Amino acid sequence: MRPSAIDSVSVAVQRTREFLFKPFNWGTYLKFGLVAIITEGWGSKFRGSGNQGGHTSGGGPITTSPFGLLTSIQVAQGVAMALLATLFMLWIFYLVTRLRFAFFYSLVHNVKLIRPGWRAYRDQAGRFYWMNVVVGLCYLGLLVLVAMPFISGFLKLFREFRPGGHPDVALMLEIILPLIPVIFVMVLIGFLTDLVLRDFMLPHYALENATAGEAWGWAWRSVVDEKKEFFVYALLRLVMPTVAMAIVLMVLLIPGLMFAGAIGAIWYAIHGSFAGSAGASAAIGVMLQIFLGSVAFLFLLLMSVIVGGPLSTWVREYAISFYGGRYPALGNLLYPAAAQGLTDRV
């Protein structure tokens with residue numbers, strides 16, 4: 001069985017319906033909806049932010065320290081924080097990678113548990129993780145190389161900008177306009193790289209414990225043999241989830257605004273009631289505001305899982321349904337009846 005890119009859409013819908021709704025269980029639905037959102041990236045974009053601020057004090061030894069010494073301490077603190085943040089993000093990415101393999105196992109074997117895949121694919125997930133780290137570093141290096149020709153232009157723009165004045169619009173357009181197609185190309189390269197890694201190479205790691213070269217070789221030969229089908233697949237893989245999420249956001253826009261308005265009104269009432277209070281009353285006010293914020297966050301998370309879970313599950317089902325028709329080891333697990341019929345004929 002080798003479904004086309006278009007036929008795989010309906011196959012993925014059917015497999016998603018059977019996995020999440022037959023039989024329906026709220027615990028299973030919410031668990032795998034959350035896993036799907038985390039592993040497929042919907043709502044799980046990690047962003048780093050930093051705050052800068054000044055501190056003033058009166059006559060302390062720190063404020064009278066030499067400027068060079070103070071700068072060195074700040075640099076050391078910044079480097080340490082950046083290192084810790086990097087290590088934390090790498091650890092999170094490792095856990096997400098393990099979860100992707102566990103989710104793959106559950107979908108392929110129709111097992112509604114996370115633990116079997118988490119244990120079965122531990123070694124494969126570890127090797128796949130380090131391969132992704134190397135690919136990510138290469139992509140980061142490419143970004144730096146691409147950005148280098150534009151750095152001098154931005155530095156010139158900043159040097160010519162005066163506080164209270166207006167930036168040179170002509171110079172700004174001269175820098176930004178050539179940058180737009182470069183950004184588009186880099187985003188496209190990132191999408192295609194992620195698609196090849198997760199949709200085509202991951203199954204080889206999981207099912208055959210393949211090396212990076214072996215997984216890439218099989219995936220590349222499959223793409224070369226069916227260029228048109230893989231092009232259609234990549235296009236649908238990009239467009240359909242994006243359109244679906246846009247529709248969902250439009251449908252939920254009014255209810256979301258109403259919910260946000262209600263939460264804001266309640267928060268404002270609580271804040272106003274405890275304004276100017278002290279001691280135990282102030283602590284109670286803070287606790288009520290924290291509780292309200294936690295309830296709002298959990299409600300938004302719940303709605304994201306309920307609405308986005310099936311869509312994210314479909315994305316992974318679409319990937320394994322399409323590539324399963326090109327990769328026999330995966331296809332035999334997805335379509336055992338067809339594989340058995342072929343064996344019987346032989």
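These numbers come from a predicted model, not from an experiment.
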Look only at the side chain of [X] and the backbone of [Y], and say whether a donor-acceptor pair between them is shorter than 3.5 Å.
X	Y	answer
Y205	A125	no
R127	N209	yes
Y139	M186	yes
K112	F32	no
R326	F322	yes
E214	T211	yes
Y318	A5	yes

So, for [X] and [Y], which heavy atoms are closest and what is the spacing to 0.1 Å?
X	Y	value
P3	G325	CD-CA, 4.1 Å
L311	A244	CD1-CB, 3.9 Å
E317	S321	O-OG, 2.7 Å
V9	W314	O-NE1, 3.3 Å
A36	T313	CB-OG1, 3.4 Å
V305	I37	CA-CD1, 3.5 Å

Working to the nearest 0.5 angstrom, can you tell me the gap between [X] [atom1] and [Y] [atom2]?
X	Y	atom1	atom2	answer
M131	T97	CE	OG1	10.0 Å
L34	I114	CG	CD1	9.5 Å
L113	R119	CG	CZ	11.0 Å
K31	N25	NZ	CG	8.5 Å
I306	L301	CD1	CG	10.0 Å
L334	I320	CG	CD1	5.0 Å

**Request:** Only counting residues at least two apart or in another chain, list the ones meeting ring pair (Phe, Tyr, Trp, His ring centres under 6.0 Å) with Y268.
**Result:** none
Counting only heavy atoms not in [X], do more than 12 fall under 6.0 Å of its [atom1]?
X	atom1	answer
I6	CD1	no
K228	NZ	no
R122	CZ	no
F191	CZ	yes

**Asked** Are I254 and L249 joined in one hydrophobic group, where the rule is that I, L, V, M, F, W and Y side chains link up if heavy atoms are under 4.5 Å apart?
**Response** no
**Request:** Go through the steps to decide whether M303 and L300 satisfy the test side chain to side chain contact (heavy atoms under 4.5 Å, CB included), and finish with yes or no.
**Result:** CA-CA 5 Å; M303 294 305 299; L300 292 175; 5.7 Å; no
**Asked** Step by step, would you call W118 with Y105 a side chain to side chain contact (heavy atoms under 4.5 Å, CB included)?
**Response** CA-CA 8 Å; W118 183 272; Y105 181 97; over 6 Å; no
**Message:** Could you check, using the six-membered ring where one of them is a Trp, whether H204 and Y323 have ring centers closer than 6.0 angstrom?
**Reply:** yes
**Asked** With ring centroids as reference points, do Y121 and F128 lie under 6.0 angstrom apart?
**Response** no
**Message:** Going by the rule salt bridge (charged side-chain N to carboxylate O under 4.0 Å, His left out), which residues pair with D194 if we only count those two or more places apart in sequence or in a different chain?
**Reply:** R198
Taking atom types as modelled and ignoring hydrogens, do the side chains of [X] and [Y] form a donor-acceptor contact shorter than 3.5 angstrom?
X	Y	result
R15	N110	no
S4	D7	yes
E208	Y327	yes

Is there side-chain contact between [X] and [Y], with heavy atoms separated by less than 4.5 Å?
X	Y	answer
L84	F88	no
I38	F103	no
R316	T16	no
F230	F200	yes
T28	L20	no
L330	F104	yes

**Prompt:** Which residues satisfy the side-chain contact (heavy atoms from CB on, under 4.5 Å) test with M81, sequence neighbours excluded?
**Reply:** none
**Prompt:** For F24 and W26, what are the C-alpha separation, side-chain angles and deciding distance, and is it a ring-ring contact (aromatic ring centres under 6.0 Å, His included)?
**Reply:** CA-CA 7 Å; F24 180 77; W26 270 111; 5.1 Å; yes
**Request:** Please lay out, stage by stage, how Y233 and E226 fare under the test side-chain hydrogen bond (donor to acceptor under 3.5 Å, both in side chains).
**Result:** CA-CA 11 Å; Y233 168 79; E226 296 184 81; over 6 Å; no
